[in-house]
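Beneath this line is the structure, given in structure tokens, with notes to follow.
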Amino acid sequence: MPQQTTEIRVASFADLDARTFHDLLKLRIDVFVVEQNCPYPELDGRDVESGTRHLWLTDGGAPLAYLRILADPDGAARIGRVVVAPQARGGGQAGRLMTAALDLVGNRPCVLEAQSHLVDFYARHGFAVSGPEYVEDDIPHTPMRRKVIDV
């Protein structure tokens, strides 16, 4: 079995260099806008908020997987923009990144808007459906919430 050489990176917007932010946006746009055919404003202003954390997996080059954690006004963490590059899919990268994100979130409540076909994936990470399914950009989504974990 080959040794895992990928590493998880975490940064606020202020700590991202221009090349890294470009590469993260390129991955998001390549998958969400191009592959999934969802023309929407990818730059929503939330990437630059002081409470936002960007997490990604890299093998030393381009990012393999990415997500961001937003700070919602009610104190909950909001995970979004979860994406895995096509060549890295099926290797457990999303699960590895989600585990790292939830370690960072800690015992705060956490929410996300799952693409509905991924509800079981998020359920394995402690999320439960928290509202009715809806369609956004022609893709069914399901709101999910992870309750506070007592320690």
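If you read the sequence from its start, that first residue is 1, and numbering goes on from there. What you see is a predicted model; the values in this text were computed from it and never measured.
- One distance of note links OG of Ser130 with CE of Met144; it measures 7.5 Å at 0.5 Å rounding.
- In the hydrophobic clustering of ILVMFWY residues, with side-chain heavy atoms under 4.5 Å counting as a link, Leu24 and Leu55 come out apart.
- Relative ring orientation between Tyr134 and His141 is described as parallel, the plane-to-plane angle staying below 30° on a 0-90° scale split at 30° and 60°.
- One distance of note links CD of Glu7 with CG of Leu64; it measures 10.5 Å at 0.5 Å rounding.
- The main-chain N or O of Pro63 is never found under 3.5 Å from a side-chain atom of Thr58 such that the two would form a donor-acceptor pair.
- At distances below 3.5 Å, at least one donor-acceptor pair connects side-chain atoms of Arg89 with backbone N or O atoms of Val84.
- Note that the CD atom of Gln36 and the CD1 atom of Ile29 stand 13.0 Å from one another [nearest 0.5 Å].
- Leu97 and Val31 are assigned to two separate hydrophobic clusters, defined by single-linkage of ILVMFWY side chains at heavy-atom distances under 4.5 Å.
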Any chance you could lay out the salt bridge (Lys or Arg N to Asp or Glu O under 4.0 Å) test for Arg81 and Asp44, step after step, and finish with the verdict? CA-CA 11 Å; Arg81 301 294 204 268; Asp44 61 1; 3.4 Å; yes
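- The heavy-atom pair separating Thr142 from Gly131 by the smallest distance is CG2-O, 4.2 Å.
- The two residues Phe127 and Cys110 have their closest heavy-atom pair at CE2-O, 3.5 Å.
- Side-chain heavy atoms closer than 4.5 Å link hydrophobic residues (I, L, V, M, F, W, Y) into clusters, and following such links, even through other members, never connects Leu67 to Leu70.
- Pairing each heavy atom of Pro132 with each of Pro143, the nearest pair is O-CD, 3.3 Å.
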Test side-chain contact (heavy atoms from CB on, under 4.5 Å) applied to Asp47 and Phe21, step by step: CA-CA 10 Å; Asp47 290 314; Phe21 189 59; 4.0 Å; yes
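- For Arg96 (side chain) and Thr6 (main-chain N/O), a donor-acceptor pair under 3.5 Å exists by modelled atom type.
- Heavy atoms only, all atoms of each residue included: Arg146 and Gly126 are closest at CG-O, 3.6 Å.
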For the pair Glu42 and Arg68, evaluate salt bridge (Lys or Arg N to Asp or Glu O under 4.0 Å) and give the outcome as yes or no after the intermediate values. CA-CA 13 Å; Glu42 174 59 25; Arg68 72 180 182 185; 5.8 Å; no
Could you please spell out the steps behind the side-chain contact (heavy atoms from CB on, under 4.5 Å) verdict for Asp137 and Asn37? CA-CA 8 Å; Asp137 294 317; Asn37 194 28; over 6 Å; no
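- Across all non-hydrogen atoms, the minimal contact from Gly95 to His125 is O-CE1, 3.6 Å.
- Note that CD of Glu49 and OG of Ser12 are 12.5 Å apart. Values are rounded to the nearest 0.5 Å.
- Within the 4.5 Å cutoff, side-chain heavy atoms of Leu112 are placed close to those of Tyr122.
- One finds the CD1 atom of Ile139 at 4.5 Å from the CD atom of Gln115 (value rounded to the nearest 0.5 Å).
- Open room surrounds CG on Asp138; 12 or fewer heavy atoms of other groups in view lie less than 6.0 Å from it.
- Using a distance-only test at 3.5 Å, with no hydrogens or angles considered, a donor-acceptor pair links the side chain of Thr52 to the main chain of Arg46.
- Counting heavy atoms from C-beta on, the side chains of Trp56 and Leu16 come closer than 4.5 Å.
- Within the 4.5 Å cutoff, the side chain of Leu104 has heavy atoms near those of the Val10 side chain.
- The pair Asp74-Arg108 fails the salt-bridge criterion, with no side-chain N (NZ, NE, NH1 or NH2) lying under 4.0 Å from an Asp/Glu carboxylate O.
- Taken together through direct or relayed side-chain contacts under 4.5 Å among Ile, Leu, Val, Met, Phe, Trp and Tyr, Leu57 and Leu102 form part of one hydrophobic cluster.
- Under the 4.0 Å criterion applied to side-chain N and carboxylate O atoms, Asp23 and Arg28 are not assigned as salt-bridge partners.
- By the 4.0 Å N-to-carboxylate-O rule, Arg124 lies too far from Asp120 to be salt-bridged with it.
- Residue Phe32 is not grouped with residue Ile79 when hydrophobic side chains (ILVMFWY) are merged at heavy-atom distances under 4.5 angstrom, including chains of intermediate members.
- Using modelled atom types, one finds no donor on one side chain facing an acceptor on the other under 3.5 Å when comparing Arg9 with Thr20.
- Considering every non-hydrogen atom in both Glu35 and Pro86, the closest pair reads OE1-CG, 3.8 Å.
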Can you list the steps and then say if Arg78 with Glu113 is a side-chain contact (heavy atoms from CB on, under 4.5 Å)? CA-CA 9 Å; Arg78 177 172 296 278; Glu113 304 295 319; 3.3 Å; yes
